[in-house]
Amino acid sequence: MLQTIKDWLWWERLWLPEKVSWADLQDKEDRTYAKASQLYAAVPCALCLLIVRYLFERYLATPLANALGIRDKVRLTAEENPTLEKYFYSQTRNPSQADVRSLCKKTGWPERRVEVWFRRKRNQDRPGLRKRFCEASWRCGFYLCAFLGGLLALYDKPWFYDLKEVWAEFPKQSMLPSQYWYYTLELGFYLSLLLSLTFDVKRKDFKEQVIHHVATMTLLSFSWISNYIRIGTLVMAVHDSSDILLEGGKLFNYAKWEQTANVMFVIFTIVFMVTRLVIFPFWLIHCTWVYPLERFDPFFGYYFFNIMLMVLQILHVYWAFLITRMAYKFVFSKVCSKWFVCMCSVSRLNVCLLVLNLLCGMFSPSNWTAMFGAMKRRTTVIRKRI
């Protein structure tokens, strides 16, 4: 039974094009090929990354948070009440009005006191600002190192400039040491994120994050076994480029550097839209969907790999929608406070000027000096109106 499952799992037609067998991918004197057994290295790598993350957050991120003056809000502790605590952990954290009345009868407390207890209890379990800062610092640091390492591994390769070279001599493409370490670190990192999801700050897109991590790990594993390594390294580099800006923007936001955070958000939005909605679908997916058919007939691995890329693309579109909605609220939201209107107007103008400069490529010192001068003048005018 097990042998039958193993034979079916490693059936050559699932992983390789026709007229290619596993025997053709055996190591030779001048060639070294990727092997499935090498993926096991991702497990100890993930455990090592968890240890490195702990040390990084404790001895680097925490002191940095102290230096930037990042403090957790003082939160009132909920009173001890076994009845409410049992309901809180076994039933729901947000009871309905009918449930609140029922709990009032059981505890002898008024409704207001029960509602305050649940609010304080929820606030107790929410992660503090320092924890968020430390997590974002770790992810930002890793994405930056991974992206720079990916560029070093790719900048002198012909397929970095000509995507048709991705399929040259496929699948008999020798594995490079830089590709091995790039894959191992990326796979280990996403595995470590998956292992730490229950301990990390729970985000609103928690389910999408789980799907993303699983899809990414599946793609990395499959591309490694099927020798889709060249396109795999390009996909990883494209993803890491915008993730750096996202996590960096969070850091500035947590540190209350609002103007810097706004600039980072604008740059991140542009880079995300370009890399995830233009380069990824129209260059990379086109490369995996069209160019292979010029060299071999489609097989299961061809369809499976492209389907997984489409799953990632669907997530990209979903996140692009969230980013666009956030940008819309940021630019067009209306508030009543005159002071807040003043600050928002200044921020919106500054962001719009930054977007125009970034889109038009106006990176000369004179243009930036004029732009910041316009920001200052507009700020003075609006404050005088108030």
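In this chain, residues are counted from 1 in sequence order.
Ion pair Asp24/Arg31 not flagged as a salt bridge, since none of the NZ, NE, NH1 or NH2 atoms sits closer than 4.0 Å to an Asp/Glu carboxylate oxygen. Between Glu57 and Arg53 there is a salt bridge, since a side-chain N of the basic residue sits under 4.0 Å from a carboxylate O of the acidic one. One finds a salt bridge joining Asp27 and Lys35 here, because a Lys/Arg side-chain nitrogen approaches an Asp/Glu carboxylate oxygen to under 4.0 Å. Electrostatic pairing of Arg132 and Glu135 does not count as a salt bridge here, judged by no charged N lying under 4.0 Å from a carboxylate O.
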Worksheet entry | Leu103 and Phe118: CA distance, side-chain angles, deciding distance, side-chain contact (heavy atoms from CB on, under 4.5 Å) verdict | CA-CA 11 Å; Leu103 292 170; Phe118 273 95; 3.6 Å; yes

Item to complete: Would you please test Arg130 and Thr62 for side chain to side chain donor-acceptor pair (under 3.5 Å) and show each step?
Response: CA-CA 7 Å; Arg130 290 166 65 87; Thr62 300; 5.0 Å; no

Fill in: Stepwise side chain to side chain donor-acceptor pair (under 3.5 Å) test for Ser102 and Asp99
CA-CA 5 Å; Ser102 175; Asp99 293 331; over 6 Å; no

Discussion item. Between Tyr183 and Ser223, does the side chain to side chain donor-acceptor pair (under 3.5 Å) criterion hold? Intermediate values first, please.
Written reply: CA-CA 10 Å; Tyr183 258 80; Ser223 63; 2.8 Å; yes

Worksheet item: How far apart are the C-alpha atoms of Lys121 and Tyr89, what are their side-chain angles, what is the distance that settles it, and do they pass the side-chain contact (heavy atoms from CB on, under 4.5 Å) test?
Response: CA-CA 10 Å; Lys121 192 66 175 178; Tyr89 289 110; 3.3 Å; yes

Practice prompt. Apply side-chain contact (heavy atoms from CB on, under 4.5 Å) to Asp243 and Phe147, showing your working.
Written response: CA-CA 10 Å; Asp243 289 337; Phe147 179 68; over 6 Å; no

Worksheet entry | Stepwise side chain to side chain donor-acceptor pair (under 3.5 Å) check, Tyr54 with Arg58 | CA-CA 6 Å; Tyr54 171 78; Arg58 180 165 184 176; 2.7 Å; yes

Discussion item. Between Glu258 and Asn253, does the side-chain contact (heavy atoms from CB on, under 4.5 Å) criterion hold? Intermediate values first, please.
Written reply: CA-CA 6 Å; Glu258 295 182 1; Asn253 183 51; 5.9 Å; no

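A side-chain donor-acceptor contact under 3.5 Å links Gln313 to the backbone of Arg276.
Following chains of ILVMFWY side-chain contacts shorter than 4.5 Å, one cannot reach Ile211 starting from Ile314, and the two form parts of different hydrophobic clusters.
Remark: aromatic rings of Phe272 and Phe268 are close, center separation under 6.0 Å. A centroid separation of less than 6.0 Å is found between the aromatic rings of His239 and Phe280. Between Phe222 and Phe304, the distance from one ring center to the other falls under 6.0 angstrom.
Using cut-offs of 30° and 60° for the angle between ring planes, the Trp138 and Phe189 rings count as tilted. Using bins of under 30°, 30° to 60° and over 60° for the plane-to-plane angle, the ring pair Trp224/Tyr180 lands in the tilted bin.
Side-chain contact between Leu234 and Ile231 is present, with at least one heavy-atom pair separated by less than 4.5 Å. Looking at Gln179 and Arg230, their side chains come closer than 4.5 Å, going by heavy atoms from C-beta outward.
In terms of heavy-atom proximity, Pro171 sits nearest to Leu25 at O-CD2, 3.7 Å.
When each of Val166, Leu154, Leu176 is checked for a side-chain contact (heavy atoms from CB on, under 4.5 Å) with Thr233, only Leu154 meets the rule. The ring pair (Phe, Tyr, Trp, His ring centres under 6.0 Å) test with Tyr228 is passed by exactly one of Trp167, Tyr302, Trp15: Trp167.
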